[in-house]
S.K.: 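Could you have a look at this structure, given as structure tokens, before my questions?
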Amino acid sequence: MRRSFYARPVLDVARALIGCVVSHDGASGVIVETEAYHDSEPACHAFIGRTGRTHTLFGPPGYAYVYRSYGIHALLNAVAEPPGVGAAVLIRALEPISGIDAMRARRSLERVDSLCSGPGKLTQALGIELSENGSDLIHGPILIEARPRRWRDPPVTVDRRIGITKAAELPWRFSVTGSRFVSRRPAGLSRARSDAPVA
DNA sequence: CATGGGATTGACT
DNA sequence: GTCAATCCCATGC
């Protein structure tokens, strides 16, 4: 994927990343859930401006913003928009494709649909660590690549972001409609659907 | 230097 | 449904 892919409005990038493939350290998965964050709204770390922590967010697009959440989990974001704008897409869930046994080992867990069904889970499954903050998503070691053919036009549901208290009303979460690999089913879709792509 | 707050998860009632 | 774990970072004294 080219760097220009990320140099667009963060909502476009969040939507376009659905169906793309993330790979790292012998494992990969299709992105089935994302959220957008932008320095104009208070849920975004970059809202407070440039600090040591938000440096990466204001840098050039197509790089990883990795930070520690609740002292425990590393969360992976893709920096978006031109340099000077603090914006990123949080990768919230993957459908595992390859290296599933490596994921199982790193997660100490068997069930494939629980391996990457949350932002902290997928970084653990892929072995992504805090030290990879600022690394290039185009050349690796964390790689994000274009959609496989069968993921060309996945049905996408838009709803509100999860786990935040500020700007919680914004509909900036994107997920593959009906996927069993997402972190939480969107509100109003409590009935399971079976029309989503399956591994 | 001390403090408080999380873009979460898994275990438990 | 509730709740604790755990640590980095921004802020304030």
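In what follows, chains are A, B, ... by sequence order, proteins preceding strands, each numbered from 1. Source: prediction; values computed, not measured.
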S.K.: Mind calculating the distance between CG (A/Leu57) and P (C/dA10) to the nearest angstrom?
M.R.: 11 Å

S.K.: Would you kindly give the OH-to-P distance between A/Tyr70 and B/dT9, to the nearest whole Å?
M.R.: 10 Å

S.K.: Expressed as a whole number of angstroms, how long is the span from A/Ile48:CD1 to C/dG12:C1'?
M.R.: 14 Å

S.K.: Can you tell which of B/dT9, C/dT11, B/dA7 lies closest to the side chain of A/Tyr65?
M.R.: B/dA7

S.K.: Is any side-chain N or O of A/Lys166 closer than 4.0 Å to OP1 or OP2 of B/dA7?
M.R.: no

S.K.: Can A/Tyr67 be said to stack with the base of B/dA7, given centres closer than 5.5 angstrom and planes under 30 degrees apart?
M.R.: no

S.K.: Does CZ belonging to A/Arg160 count more than 12 external heavy atoms closer than 6.0 Å?
M.R.: no

S.K.: As a test of reading the structure: which of B/dT8, B/dG10, C/dT11 is closest to the side chain of A/Ser69, going by heavy atoms?
M.R.: B/dT8

S.K.: Can you tell me the pairing partner of C/dT6 across any strand shown, Watson-Crick or G-U wobble, with both distances under 3.5 angstrom?
M.R.: none

S.K.: Within the 4.0 Å heavy-atom criterion, would you say A/Arg92 contacts the bases, only the backbone, or no part of the nucleic acid?
M.R.: sugar-phosphate

S.K.: Whole-Å distance between C/dA10 C1' and A/His55 NE2?
M.R.: 17 Å

S.K.: Can you tell me the distance, in whole Å, between the CZ atom of A/Arg184 and the C1' atom of B/dT9?
M.R.: 12 Å

S.K.: Could you please name the option among C/dA10, B/dA7, C/dA5 that lies closest to any side-chain atom of A/His45?
M.R.: B/dA7

S.K.: Is there a side-chain contact between A/Thr51 and the phosphate of C/dA10, meaning an N or O under 4.0 Å from OP1 or OP2?
M.R.: yes

S.K.: Under 3.5 Å, is there a donor on one side chain and an acceptor on the other for A/Glu33 and A/Ser183?
M.R.: yes

S.K.: What nucleic acid atoms does A/Arg173 come within less than 4.0 Å of, heavy atoms only: base, sugar-phosphate, or nothing?
M.R.: nothing

S.K.: Between atom CD in A/Glu35 and atom C1' in B/dT8, what is the gap in whole Å?
M.R.: 12 Å

S.K.: Please report the distance, rounded to the nearest Å, between CG in A/Leu90 and C1' in B/dT8.
M.R.: 11 Å

S.K.: So do A/Arg3 and A/Asp136 actually touch side chain to side chain, heavy atoms under 4.5 Å?
M.R.: yes

S.K.: Can you work out whether A/Ser114 or A/Arg53 has the more 5'-proximal nearest nucleotide on DNA chain B?
M.R.: A/Arg53

S.K.: Could you tell me whether A/Arg184 atom CZ has more than 12 heavy atoms of other residues or ligands within 6.0 Å of it?
M.R.: no

S.K.: Touch check for A/Ile164, heavy atoms < 4.0 angstrom, all strands: base, sugar-phosphate only, or nothing?
M.R.: sugar-phosphate

S.K.: Check A/Ala78 against A/Ile144 and note the closest heavy-atom contact, atom names and distance.
M.R.: CB-CD1, 4.5 Å

S.K.: Write down the distance between CG (A/Leu109) and C1' (B/dT9), rounded to a whole number of angstrom.
M.R.: 12 Å

S.K.: Considering just the side-chain nitrogens and oxygens of A/Arg68, establish if one lies under 4.0 Å of OP1 or OP2 belonging to B/dG5.
M.R.: no

S.K.: Counting side-chain heavy atoms from CB outward, which of B/dT8, C/dA10, C/dC8 is closest to A/Leu130?
M.R.: C/dC8

S.K.: What's the closest nucleotide to the side chain of A/Ile72 if the choices are B/dA7, C/dT6, C/dA10?
M.R.: C/dT6

S.K.: Is the positively charged end of A/Arg8 above the ring of A/Phe5, judged by distance under 6.0 angstrom from the centroid and angle within 45° of the axis?
M.R.: yes

